[in-house]
Amino acid sequence: MAEAARAKPKPTPETQHFWDGTKAGELRLQRCDACANVYFPPRPFCPSCASRKVSVFKASGKGKLYSYVINHRPAAPGFTPPYAIAVVELDEGPRMMSNIVDCPQTPEALVLDMKLEVAFEKLDDKITLPNFRPAKG
Amino acid sequence: MRRNAVAVVGAAETTELGVIPNMSQIQLHADAALNAIADAGLKLSDIDGFATAVESPQQVCHYLGIKPTWVDGTSVGGCSFMLHVRHAAAAIEAGLCKTVLITHAESGKSMIGKLPRSIPADSLQGQFEAPFGVYGPPSMFPIPVLRFMKTYGVTHEQLASVAVVQREWAAKNPRASMKDPITVADVLNSRMIAYPFRLLQCCLVTDGGGALILTSADRAKDFPRKPVYILGTGESVETPMVSQMETFNSSRAFKVAGPLAFKEAGIAHKDVDHLMIYDAFAHLPLYGLGDLGFMPYEETGKFIADGNTRPGGKLPLNTNGGGLSYMHSGMYGMYALQESVRQMRGIAPAQVNDAKISVCHGVGGMFAASGTIIFTNEK
């Protein structure tokens, strides 16, 4: 029996711009043209004021470590435990789940509020994931 | 909703709890339902309202032979049954039905006839959480806790004490799955599951079920059991994605549902004799104590570690042993409700003396939903 594969995102019409962005090396967020609210995950209207006039923009890719677990078991298919599942607070405001790379997966190395920057990981020709790593400098 | 207008007149769990390899999930529903019907001295044909979660109402109604005029299939995770109680009380008050049966059952351990749960790859969870290695509740539910600990100065030892105190309650309960005493050191030395949580800070995985029967308070006095009245109720939802909670320092769904129930009940926190806070993992009682307004968040860990919620303490909490030690089939809310009803009837294995008001607070998903029911045995 084939080993179960890592869960892979399947874009929808409303999220395609995000996945096109990661493929192009950009972390894309949306901003409401009416109330300036920046939000995630993607949708073609503002979840704060309901305006349909929203714009996609390239985010800084910078953020900080908001919280995490270090998962030991059970491990998701395609992952080798222990691995951290993190929530990153982006400088623009929204938070997103991610993995922290180029960093030991230990409580000592993973310090809350540490500065992070996006690090893209190409899974295949369609999907590139936004991981994060400790910010340089 | 009017206070004390509706009462629980039947309540029962499945005949067995724990590992039940000889029953499918649908039969566990029936076992719990038949026990509750017997408890209330009713016949199945007396039931004209029905609610359940995960399984569809039509599935369970057909299996039991019930012909309802009101159904509720609200399915928002483990607190669905708190929402069913709230909706049933409103339906009875509105005259849509007279006698409501609410069932829960789950073959969580033996997995016989259990519906598959999967996350579609094109859902928001499938796109923005699943690819990062979340795999079941232990990898997701504890994600907020490190932030909560940092914000409020909660310690690993305090979070370990939640499991220790609940094991003390479980030791008094013959039906609890885990009864042997444990120490904070035992908890902190148990197998790591998802840092910072270890095995003894994660809920059990068991088989079982439970059922409740509600009717109007006017009719309730004619039933064999002491009626347990619905004094206040609340509900809310936030997000199915734990990463998208407004904050990890509290639960928005808890903060809506809990205070709504207190306001409806017209009670103060000092009036609460008995408290259940759904404990899928050890941090939930801390969130619950804070979000329901019992105390500042900074005090919640110390409050439990100091023994205030243990047998003989001033705020008895999770007196059946909770999801950590009593049982947890996957959707524990029904068992919290059953314990509140037992306490209000005065028949709990670890009975709180003279308890008159019980608050039962549930969570669904990973802080995704919430329901709060406040019971009383005095009208």
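Just so it is clear: chains get the letters A, B, ... in the order the sequence lines come, proteins before strands, and each one is counted from 1. Everything numeric in this text was worked out from a predicted model, so none of it was measured.
A distance of 13.0 Å separates CZ of A:R73 from OG of B:S139, quoted to the nearest 0.5 Å. If you take CD on A:E14 and CG on B:L124, they are separated by 8.5 Å, rounding to the nearest 0.5 Å.
Looking at B:Q125, neither its backbone nor its side chain comes within 4.5 Å of chain A, counting heavy atoms on both sides. Proximity to chain A is limited to the side chain of B:Q244, based on heavy atoms less than 4.5 angstrom apart. Heavy-atom distances place the side chain of B:M241, and not its backbone, under 4.5 Å from chain A. Contact of B:L146 with chain A is made through backbone and side chain together, with heavy-atom distances under 4.5 Å. Neither the backbone nor the side chain of B:T151 comes within contact range of chain A; no heavy atoms are under 4.5 Å apart. If you measure heavy-atom distances from A:Y68 to chain B, the contacts under 4.5 Å come from both the backbone and the side chain. Interface remark: B:P144 contributes backbone atoms only to the contact with chain A (heavy atom separation under 4.5 Å). Interface remark: A:L112 contributes backbone and side-chain atoms alike to the contact with chain B (heavy atom separation under 4.5 Å).
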Fill in: Full working for side chain to side chain contact (heavy atoms under 4.5 Å, CB included) between B:D122 and A:T15
CA-CA 9 Å; B:D122 52 4; A:T15 64; over 6 Å; no

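Note on B:F197, B:F132, B:F148: by heavy-atom pairs under 4.5 Å with chain A, the leading option is B:F132. Ranked by heavy-atom pairs shorter than 4.5 Å toward chain B, the options A:L65, A:T12, A:N71, A:I70 are led by A:I70. Per-residue heavy-atom pair counts under 4.5 Å with chain A were compared for B:I193, B:V242, B:I119, B:V134, and the maximum is reached by B:I193.
For residues 84-107 of chain A, the interface with chain B (any heavy-atom pair closer than 4.5 Å) comprises A:I85, A:V87, A:R95, A:M96, A:M97, A:S98, A:N99, A:P107, sorted by residue number.
Residues that satisfy the salt bridge (charged side-chain N to carboxylate O under 4.0 Å, His left out) test with B:E157, not counting sequence neighbours, are absent from this structure. Evaluation of the ring pair (Phe, Tyr, Trp, His ring centres under 6.0 Å) rule for B:F128 yields A:F18, A:W19, A:F40 as partners, not counting sequence neighbours.
At most 12 heavy atoms of other shown residues, nucleotides or ligands fall within 6.0 angstrom of atom NZ in A:K10. For B:K302, the NZ atom is loosely surrounded, since the number of other residues' heavy atoms within 6.0 Å does not exceed 12. The number of heavy atoms from other shown groups lying within 6.0 Å of CE (B:M111) does not exceed 12. Under a cut-off of 6.0 angstrom, the local environment of CE in B:M295 is crowded, with over 12 non-hydrogen atoms contributed by other residues, nucleotides or ligands. Annotation for B:K109: atom NZ does not count as buried by contact number, only 12 or fewer foreign heavy atoms lying within 6.0 Å. Residue A:D125 places its CG atom among 12 or fewer non-hydrogen atoms of other residues, nucleotides or ligands, all under 6.0 Å distant.
Among pairs with a residue in residues 43-55 of chain A, those fulfilling side chain to side chain donor-acceptor pair (under 3.5 Å) read A:D33-A:S55, at least two apart in sequence or across chains.
A donor-acceptor pair under 3.5 Å links the side-chain atoms of A:Y66 to the main chain of B:F248, judged by distance alone.
The nearest pair of heavy atoms linking B:V145 to A:S67 is N-OG, 4.3 Å.
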